[in-house]
Amino acid sequence: MTTTETPAAGAPESRSEPNHALRLFLIWFVLALAADLVIWFVWYPHMPPGRMSDAARHQQFDIAVLAISAAPVIIFVLLYFVYAIVVWRAGAGDDSDGAPIYGNTKVQATWIIGTTAIVLWLFVFGTVELVVPAGAGAGEGPSPIWKLAGTQSATWTPGTNTMLQVQVIGQQWTFTYRYPQFGGMESAELMLPVDTPVTFHVTSLDVIHSFWAYQLAVKADANPLVDNVAYVTPKALGSVTVRCNELCGIWHGAMFNYGQVVSQSAFESWASGVQAKEQADGVLAALPPYTLTYDPTVIPQLGKNLVKIDGITGSPGYYYEPSNPVTP
Ligand SMILES: [Cu+2]
């Protein structure tokens, strides 16, 4: 901002200039404050992806804070633009040049300090928000640096803060879910208990996919022979949409299913029930043993006439036999 106290070169009369910097600051302050209040109190509660998990709440908070940080900058740029057009507009018939300016210590110092402060703030805020929710809801590879707090156990029971392990298996063109703490049983539907730390182990049996549980704010690549770990703690009951987020073939767009976050006791009875059913009808014995990754070329069950039992999905030629074989 120019705080030109001296009259412009060649100006005939020495009329006193108003304090443009103060004026700009006051207008900017009022507008920026109003915009930030509207963002925080009106827009923030409606921002994606909602508040269904800790990761989702953190992402919503991050978007709101970034919007609050950005709005004053945008408003300053636009305000200065409009102010310059209105106040410093050349009069009719005035073809003279503006005053030549060779540097201004105040403006330069303000610029360097202001931009440095903004960049450092974004760096610190971004780093903290990446670490605190144990990875921001994204896949962190086979050995995450930041781990979610929770007890590790080979079994899972309600009310114990035990980490629930859920394996997400992508294949053209569906997701299936295995629960190693329930005998390695497999479900076509993602079921999760509320208020429970969850570790997703995301992998693929064929091409690259991406596991995107929208309302949980989890998005993790599903790559063959890779165990990609992602964490979440569901905080509310409800339905979850799962989509593949990596172009993976002709039916990529149809690669989605739904999940549920239910109470801990409802989850346990569901999981135990599925485990007992799959034990009884032979699915558990037919499935490959639970491991963190699968090599479809060496799964001994591959291509055999394994699963014709309801509730298990798969696609032809890979892990499972098709449940509804298409005969040409
Ligand atoms: Cu896919």
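We use all heavy atoms of the structure for the numbers below, so side chains are in, but hydrogens, waters and symmetry mates are not. Start at 1 and go down the list; that is how both ligands and their atoms are numbered.
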Looking at Y44, is R51 sitting on its ring face, NZ or CZ under 6.0 Å from the six-membered ring centre and within 45 degrees of the normal?
yes

Might you confirm whether atom CH2 of W111 has over 12 heavy atoms from other residues, nucleotides or ligands at distances under 6.0 Å?
no

How would you list, by chain and number, every residue that makes a side-chain contact (heavy atoms from CB on, under 4.5 Å) with I63, sequence neighbours excluded?
M47

Do T203 and Q167 have side-chain atoms, one donor and one acceptor, less than 3.5 Å apart?
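T203 vs Q167: no donor-acceptor pair found between side chains.
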
Quick check: F123 with W121 (ring centres under 6.0 Å apart)?
no

State the CD-CH2 distance between Q165 and W156, to the nearest 0.5 angstrom.
12.5 Å

Counting no waters, what protein N/O/S atoms lie under 2.8 Å from the Cu ion (ligand 1)?
H209 ND1, C244 SG, C248 SG, M255 SD

